[in-house]
Amino acid sequence: MANKQEVSPSNRGFSIGKGPIKTSRTTADALRNLSVPARPQVDASDVVVPDGYTVEAVMAGFSFPTDIAFADDGTIFVSEGGSSWPTRPYMPARVVIVKPNGETEAITMNIQAGPRGITWRDGMLYMCIKGGYHMQVARYNLETGELKILIDKLPSGGWHEPGGPLFGPDGLMYFGNGSVSQQGVILPAGFTVDMAKHPLAHDVPGQDVTLTGNNVWSRDPRMPYPFLTETGPFKPFGTPAQKGEVIKGALFCNSAVWRSKPDGTDIELLAWGIRNPFGMAINEEGELYVSDNDFEEKGERAIANDPDRIWHIKNARQPYGTVKTPDWYGFPDICGDGLPVNHPSHLPAKGKAAELFLQDPPPWAGPAAFLEQPHSCMCRMDFSKSDFFGHRGELFVAEWGTMAPLNSPRPEDLDHGFRVIRVDVKNGTGVPFMHNKKMGPASAWGTGGIERPVSCKFSPDGRSLYVLDFGHARLTKGGMFAFAHTGVLWKISKNA
Amino acid sequence: MENNLSKQPILIELDLECREEHYSRAEAWFKNVQFTQASFRQLLEDTVPKIEEPHIKDYLSTMLAEAIEHESKAEDLFRIIGRKPSAIRTTLGDFLGKSREVWADVIALAGGAKGPWQDLQQLYVSNLNSMSAFAVAEQLGLALGIPRILDVTFGVVAEKSTSQLLLQECALEMCSKSILYKQPF
């Protein structure tokens with residue numbers, strides 16, 4: 001089979017257009033009695049925000065939403081649908097638009113996985129799109145309807161997510177691409193569908209690395225009988241690594257963050273070794289911060305007690321075009337606290353300890369700007385740039401919430417996340433800003449509060465914080481199920 | 001940039017008309033679930049007496065008890081969305097089950113197989129068909145945001161997945177006896 005790192009130059013995108021969407025107006029009272037059983041009530045009075053702020057639900061019924069963006073005139077964009085978390089059911093991949101006059105419509109697209117990150121700039125909607133062997137950065141002209149695939153060579157096809165896109169004060173476009181593997185090696189503990197769709201997918205390093213030769217044995221779920229196989233890092237499933245083997249680094253890698261011109265040219269790799277750089281934000285000083293999710297304590301390379309983290313991408317301070325060597329932030333061998341994955345504090349409760357993959361690894365670019373409880377699942381985020389809203393310069397982070405007991409056997413992990421926190425990135429401290437009266441998702445308590453915050457963005461005037469809530473997902477020790485039509489957009493305003 | 005959202009929040013595809021339309025489309029699929037499951041149950045019911053070998057007969061008898069239970073659960077899907085199960089689809093399913101038996105006999109004759117082996121092969125295909133119908137119903141339940149549909153389908157699909165492995169195993173184990181030695185079992 002062909003090397004899937006290079007895509008066909010004939011990739012001209014996918015069909016995309018604008019169309020109507022079935023919406024209706026309701027009242028805050030009516031939101032307490034919705035027609036969707038998985039989320040029968042949405043009630044802002046069950047949500048806690050600090051004194052001086054008001055929270056309200058402004059939209060409900062989203063299906064697996066992932067990001068919010070705003071145009072300068074106040075138009076709201078929300079990306080939703082596709083094959084997301086988990087991959088089924090597929091819901092229409094689209095971007096819901098709410099115009100300043102209240103009219104709604106949708107940008108619809110015929111693509112399997114769908115839009116994950118969106119941002120508006122100069123009449124164009126920029127989107128990071130997952131699906132297939134490559135994540136894409138695309139640009140859609142809202143006036144002409146022209147779609148242009150700006151970047152289509154970022155190796156994907158596995159578990160983690162694109163980050164961005166977003167634009168810095170330097171006018172450059174910043175974006176990220178998470179790792180294919182969950183645990184540094186392709187294993188069946190990740191959803192088996194990834195192996196069926198993309199059997200050749202694997203992680204790609206951002207610089208040359210030499211391997212220790214440590215591999216991981218697992219069952220091969222593609223075989224008709226129980227069948228063991230051996231897999232190494234940066235290899236497709238079932239392909240072992242050799243001791244001393246050198247894997248060439250590539251510009252188009254994963255677990256990485258880049259910047260480019262707005263048209264996707266002159267791409268510069270800033271950092272790699274970031275497991276899931278889903279959230280990206282730039283403060284008023286032009287400093288880039290990226291959220292990252294911890295290793296999971298499950299499967300054949302289980303790693304315990306790895307904290308979620310915010311990385312400061314120091315290379316973004318360098319003049320554009322001058323970064324010769326990307327910084328390395330630790331994946332697949334270093335936890336968020338800087339300790340190796342085989343350190344006693346990261347040993348799993350069951351199974352063998354993880355082994356190191358990299359011989360003579362690059363210098364570690366940590367420490368993290370902020371460490372959070374394991375499995376909080378920090379997602380998209382934004383800096384406050386408003387004296388009116390307050391906490392100017394602090395980072396507001398949406399926390400999707402734990403996937404325990406699926407990804408951790410520890411009872412203490414069960415209620416991590418499910419909130420929005422504000423982080424002082426200079427001091428490395430954070431405090432809850434928006435959460436339910438009882439920690440955890442509203443469905444755990446039968447209330448109408450928040451479920452799983454996936455994105456938060458300030459309105460263009462900086463006076464309101466919009467929090468996008470993915471909706472209800474049922475997690476068990478064995479699986480995960482997400483329910484469509486349960487996503488909500490919350491708005492937090494500072495009282496005048 | 002208020003969009004009047006504060007006073008009048010927006011609902012996406014959650015108004016009564018849209019929900020009813022989606023329920024009607026789901027109901028059409030649930031009829032397919034009923035139909036395919038009734039077909040599988042009928043074929044299984046008719047295959048058990050043809051098997052002499054005591055272990056395989058026991059496996060299939062246990063599977064039949066589950067199949068009857070699964071048929072009842074297919075009817076529950078309708079009730080969850082406030083609709084009534086279809087009696088016609090069950091009858092059609094019985095008919096299809098009988099048709100598969102005839103088809104199995106034709107294939108057996110052409111392929112040189114002896115005994116009830118082709119019925120096992122047809123059960124393998126029929127169970128896959130009904131299992132995938134339940135699995136689709138599960139996805140519709142998730143798409144509609146109805147946890148009770150998942151509560152019904154998940155256990156059914158899990159049991160039918162196990163049945164699928166068992167039917168495959170029995171059919172592959174016994175094919176040589178049936179085809180090479182032309183012996184029943």
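Note that the structure is predicted; figures quoted are calculated from it, not measured. Residue numbers begin at 1 in each chain, while the letters A, B, ... track the order of the sequences.
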E169(B) portion near chain A, given a 4.5 angstrom heavy-atom threshold: side chain

Chain A contact via L165(B) - side chain, backbone, both or neither, heavy atoms under 4.5 Å: neither

Test: D151(B) and R474(A) ion pair at under 4.0 Å: yes

N-O pairing of E21(B) and K22(A) below 4.0 Å: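 Result for this pair is yes, salt bridge flagged.
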
Contacting moiety of A482(A), where chain B heavy atoms sit under 4.5 Å: backbone

Portion of S493(A) that has a non-hydrogen atom of chain B nearer than 4.5 angstrom: neither

Measure the [atom1]-[atom2] distance between [X] and [Y] for me, rounded to the nearest 0.5 Å.
| X | Y | atom1 | atom2 | result |
| --- | --- | --- | --- | --- |
| F62(A) | L11(B) | CZ | CG | 10.5 Å |
| T26(A) | L14(B) | OG1 | CG | 9.5 Å |
| F64(A) | L142(B) | CZ | CG | 7.0 Å |
| S63(A) | E13(B) | OG | CD | 6.5 Å |
| S35(A) | H22(B) | OG | NE2 | 11.0 Å |

Any donor-acceptor N/O pair, R25(A) side chain to P9(B) backbone, under 3.5 Å: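 No, the answer is negative, given that no donor and acceptor are paired below the 3.5 Å cut-off.
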
H485(A) side-chain N/O to A143(B) backbone N/O, donor-acceptor pair under 3.5 Å: yes

I76(A) and L5(B), any side-chain heavy atoms less than 4.5 Å apart: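 Yes; the side chains approach each other to less than 4.5 Å.
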
Within-4.5 Å side-chain heavy-atom neighbours: F481(A) and E138(B): yes

side-chain contact (heavy atoms from CB on, under 4.5 Å) between V98(A) and I10(B), worked out: CA-CA 9 Å; V98(A) 184; I10(B) 292 174; 4.0 Å; yes

Any residue meeting ring-ring contact (aromatic ring centres under 6.0 Å, His included) with F35(B), in chain and number order, not counting sequence neighbours: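 So F35(B) forms no ring-ring contact (aromatic ring centres under 6.0 Å, His included) with any residue.
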
